Structure formats: structure tokens, C-alpha cells
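It should be emphasised that the depicted structure is a prediction, and the values quoted were computed from it without experimental measurement. The figures here come from the full heavy-atom set of this structure, side chains too, leaving out hydrogens, waters and symmetry mates.
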Amino acid sequence: MRKRVILSAAIAFTIVSSAMGTKAYLAAKEGENLQCVISASREEYALDESIEEADAVAEIQIKGVVGEFDDGIPQTLHKASVIETYKGELPGEINVLQDGTKQMPVSDNPLFKKGERYILVMKKTVSLEDNENSYWVLKEYFVSGNQAVETLPTGELAADEVGIETYDSAQNWNRAVSRKEAELPYDSEILEKSDLVDYIEGME
């Protein structure tokens, strides 16, 4: 049986120019069957700030894993198809870099799964050997139908974002959004996707 090790306050997570701006100092990496769950603190971004900082904002669908990296920062590179672009210019497919791997997941940010759709607020990567069409994430929203839930805890909705409608009852959540929200180890608001998109497009 695999042992699970929670790396907590003793493990420093500091900001660098990598996926979501984090650098991990990891311990207990020895042992083929050892799984580590990384606890991390992140720089907080309001949605408007993240959009201003972003090189691209788009709705994407995850196609699969390109590869995993563990050079001090465990990360997974995903292939994604671009459904709609709200900021920047993107080709039909991009790569998305996410902190964590199957063996070393980040505790508060579930790994993307094939077939899932997200609205991502992104910056171009600089940490890969091939950075062409590769991005890391400032903000991410899992989307299904006309609902969205933030799956990367990077700050509350700002006061000037009150135009984004939220659902206040689980009875109104669709099945996919309900499952995703249940995976998250924190409370996250369920949003109207159309209002989220209107807000993003209104920033342009």
C-alpha cells in the first residue's frame, strides 16, 4: 500500500517564473512507491488583475498529458484544443503547464483530466525547452454548460466583479460542476459562465 506524505509548513513554496509562479523545495522524494501531496501558498490575483497580466484568455478542452517533469518543481504539461479565445491570439492547440504530477499532486489544485473544459487566464511559459504555444495559469475555471467554478484558489472575486452571477444552492448546480466542486478542498462559488465571459470580454 502506498504511503501518503503531506508536505506542510516545513516545505517552502516560493514564487518564481514557472507554472503558476511557484517553486517547490521537496523532501521525502526517495522511494518508488512514495506519494507526496504538496501543500502550497500562492500569490493571489483578482480576476481583473489576472486578465490585465495575461498573454491569453481562452476556453480550452484538455486532450491529454504531454509529459511530466520533476526538476525540483513537479509539473504536468497538458495538450489542449482551443475552443474560443477571449484575449490574445492562439492556434488551434496549445500546451498548458500545471503544478503537480500524479505522483506528487498539489493538494488544493486537482490535475486536469482528459475531456474537461476550462476557461484559463494564462501567461506564456519560459521554463520549458520548447516554449512555443505553451502557457501557465493565473486563473482557471472548470466549465460545464452555462456554469463555471474556480478550481485554482487565487483570491476572492473583487468588489467590482459583482456583475458575475453566482448560484447559492447545490440544487441548481449541474452534475459535472457538482462533481468538480466536491473534489476541491475549499469552498468555491459556482458562477454563470455567460456572465464570466461577459466580464472577461468587457476588460478588453
Q.
So, taking the atom named OG in S178 and the one named CG in N172, what distance separates them when rounded to the nearest 0.5 Å?
A. 11.0 Å
Q. Taking C-beta and beyond as the side chain, do V149 and L191 meet within less than 4.5 Å on heavy atoms?
A. no
Q. Taking C-beta and beyond as the side chain, do W136 and M122 meet within less than 4.5 Å on heavy atoms?
A. no
**Q.** SB check K139 E150 (cutoff 4.0 Å)
**A.** yes
Q: Taking the side chain as every heavy atom from C-beta outward, state whether V65 and L77 have any pair of such atoms under 4.5 Å apart.
A: no
Q) Is there side-chain contact between S127 and L97, with at least one heavy-atom pair below 4.5 Å? A) yes
Q. Which residue pairs satisfy the ring pair (Phe, Tyr, Trp, His ring centres under 6.0 Å) criterion with at least one member in residues 51-71, sequence neighbours excluded?
A. none
Q: Give a yes or no on whether L120 and I83 share a hydrophobic cluster (residues Ile, Leu, Val, Met, Phe, Trp, Tyr; joining criterion: side-chain heavy atoms under 4.5 Å apart).
A: no
(Q) With ring pair (Phe, Tyr, Trp, His ring centres under 6.0 Å) as the rule and sequence neighbours excluded, what pairs involving residues 176-196 come up? (A) none
Q) Who are the salt bridge (charged side-chain N to carboxylate O under 4.0 Å, His left out) partners of E181, not counting sequence neighbours? A) none
Q: Mark yes or no for whether K193, through its side chain, and S144, through its backbone, hold a donor-acceptor pair below 3.5 Å.
A: no
Q. Are the side chain of N146 and the backbone of S194 linked by a donor-acceptor contact shorter than 3.5 Å?
A. yes
Q. What pair of heavy atoms forms the shortest contact from A54 to V57, and how long is it?
A. CB-CG2, 4.1 Å
Q. Listed by chain and number, what are the ring-ring contact (aromatic ring centres under 6.0 Å, His included) partners of F142, not counting sequence neighbours?
A. Y118
Q. Can you check whether T151 reaches L184 side chain to side chain, under 4.5 Å on heavy atoms?
A. yes
**Q.** Side chain Q98, main chain P110, donor-acceptor under 3.5 Å
**A.** yes
Q) Nearest 0.5 Å, what's the OG-CG distance between S81 and L90? A) 11.5 Å
Q. Looking only at side chains, do N95 and K79 share a donor and an acceptor under 3.5 Å apart?
A. yes
Q) Which value, rounded to the nearest 0.5 Å, describes the distance between L196 atom CG and E59 atom CD? A) 10.0 Å
Q.
Run M203 and Y86 through side-chain contact (heavy atoms from CB on, under 4.5 Å) and show every step you take.
A. CA-CA 10 Å; M203 291 289 298; Y86 305 116; over 6 Å; no
(Q) Could you report the tightest heavy-atom contact between G64 and K114, atom names first, then the distance? (A) N-CG, 4.5 Å
Q. Is T125 reaching over with its side chain to a backbone N or O of S134, donor-acceptor style, under 3.5 angstrom?
A. yes
Q: First locate atom CG of D195, then atom CD1 of I200, and finally report the distance between them rounded to the nearest 0.5 Å.
A: 11.0 Å
Q: Please report the shortest heavy-atom distance between A148 and V143, naming the atom on each side.
A: CB-CG1, 3.7 Å
Q) Hey, does E116 have a side-chain heavy atom less than 4.5 Å from the side chain of Q61? A) no
**Q.** K113: partners by side chain to side chain donor-acceptor pair (under 3.5 Å), with sequence neighbours left out
**A.** E183
Q) Which heavy-atom pair separates S50 from V121 by the least distance, and what is that distance? A) O-CG1, 3.4 Å
Q: Drop me the distance from I62's CD1 to R117's CZ, to the nearest 0.5 angstrom.
A: 11.5 Å
Q.
Strictly distance-based, threshold 3.5 Å: is any side-chain N or O of N109 a donor or acceptor partner for the main-chain N or O of L152?
A. no
Q) With a 4.5 Å limit on heavy-atom distance, are the side chains of V177 and K180 in contact? A) no
Q: Under the side-chain contact (heavy atoms from CB on, under 4.5 Å) rule, what do M104 and D70 come out as? Steps first, then yes or no, please.
A: CA-CA 9 Å; M104 288 183 142; D70 189 5; 4.1 Å; yes
Q: Verify side-chain contact (heavy atoms from CB on, under 4.5 Å) between Y141 and L47, making sure each step is shown before the conclusion.
A: CA-CA 11 Å; Y141 296 87; L47 180 56; 3.8 Å; yes
Q: Please check if the side chain of K87 supplies one atom and the backbone of I51 the other of a donor-acceptor pair under 3.5 Å.
A: yes
Q.
With rounding to the nearest 0.5 angstrom, report the CG to OG1 distance, L111 to T76.
A. 5.0 Å
**Q.** side chain to side chain donor-acceptor pair (under 3.5 Å) partners for K63, two or more places apart
**A.** E93
Q) So, do E192 and Q147 sit near enough that their side-chain heavy atoms are less than 4.5 Å apart? A) no
